[in-house]
Amino acid sequence: EEAGKLWEGAANRKLFSYDEKGPLEISLVYDSRQEATQKLMAGRASIVEKLEQIDAIKNKLRPLQARFRDLDQSYSAQAAAYRQVLDDHNRTVSQFNQTGGVSEGEYQRLWSENLGLRKQGEALEAQKQELNRLTADMNELVRTHNALLARASAEAEALSASSGAKFEEGRYVRMGNDELIEIYQY
């Protein structure tokens, strides 16, 4: 009865019906081959679990990457425009300083422009900090992804070496500008 349960566990389905008074006695031998198969199945399950975690990380990473791209494009355009306006403002102030000053009205206009530029600079700094936060979040996800991938790969190599199983499948992955092949199932 115990051996039958082990066989059924390995097959993941019902194989036998135990009947104490049955006409035929069957002796099932659980040996090292079945044990090796169970270890192989457990090892594969562990690897598959890690690969599912890796896929979940990639699913979390995609929207962060899209948000980063959008925010980075917006920030870059706004920063370039800000630098141009700031350079123009500084040139104007420098020219007035060289010529001996400005009228009260012009001074007030330049002062107001300067305040607006400071506020714009602060807004750009906030966007830059958001970009840095997104980068840190993405980097953390990538580190976790890479650690899981390394563990899955090490487990697969150990399992392959101990069982004699050969790798048969892999996966082509493109993450941003990086391309790689992940060999993960055999």
Hey, could you give me the [atom1]/[atom2] distance between [X] and [Y], rounded to the nearest 0.5 Å?
{"X": "T144", "Y": "N139", "atom1": "OG1", "atom2": "CG", "value": "10.5 Å"}
{"X": "S153", "Y": "K50", "atom1": "OG", "atom2": "NZ", "value": "12.0 Å"}
{"X": "K58", "Y": "R62", "atom1": "NZ", "atom2": "CZ", "value": "7.0 Å"}
{"X": "L124", "Y": "R83", "atom1": "CG", "atom2": "CZ", "value": "8.5 Å"}
{"X": "L141", "Y": "N59", "atom1": "CG", "atom2": "CG", "value": "11.0 Å"}
{"X": "E125", "Y": "Q129", "atom1": "CD", "atom2": "CD", "value": "5.0 Å"}

Taking D88's backbone N and O only, do any of them form a donor-acceptor pair with T92's side chain (distance below 3.5 Å, no angle check)?
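Yes; at least one donor-acceptor contact below 3.5 Å.
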Yes or no on salt bridge (charged side-chain N to carboxylate O under 4.0 Å, His left out) for D72 and R69, after CA distance, side-chain angles and deciding distance?
CA-CA 5 Å; D72 187 50; R69 276 190 302 274; over 6 Å; no
Do [X] and [Y] belong together in a cluster built from hydrophobic side chains that touch within less than 4.5 Å?
{"X": "W111", "Y": "L86", "value": "no"}
{"X": "L64", "Y": "L148", "value": "yes"}
{"X": "Y75", "Y": "V85", "value": "yes"}
{"X": "L110", "Y": "L117", "value": "no"}

Could you give me the CA-CA distance, side-chain angles and deciding distance for Q78 and S74, then say whether side chain to side chain donor-acceptor pair (under 3.5 Å) is met?
CA-CA 6 Å; Q78 289 178 30; S74 173; 3.0 Å; yes
Start with the C-alpha distance between H145 and L149, add both sets of side-chain angles, then the distance that settles side chain to side chain contact (heavy atoms under 4.5 Å, CB included), and finish with yes or no.
CA-CA 6 Å; H145 168 277; L149 186 58; 4.1 Å; yes
Apply side chain to side chain contact (heavy atoms under 4.5 Å, CB included) to residues M41 and N12 and explain how you reach the verdict.
CA-CA 11 Å; M41 290 172 61; N12 286 330; 4.0 Å; yes
Presence of salt bridge, [Y] and [X], under 4.0 angstrom:
{"X": "R151", "Y": "E155", "value": "no"}
{"X": "R67", "Y": "D70", "value": "no"}
{"X": "E130", "Y": "R133", "value": "yes"}

Residue of the set K60, R143, Q65 for which side-chain contact (heavy atoms from CB on, under 4.5 Å) holds with M138:
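Per the side-chain contact (heavy atoms from CB on, under 4.5 Å) rule, the option paired with M138 is Q65, out of K60, R143, Q65.
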Shortest non-hydrogen contact from L159 to R44?
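The answer is CD2-N, 3.6 Å.
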Nearest atoms (heavy-atom pairs only) where F96 meets E106
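Heavy atoms of F96 and E106 come nearest at CE1-OE2, 3.5 Å.
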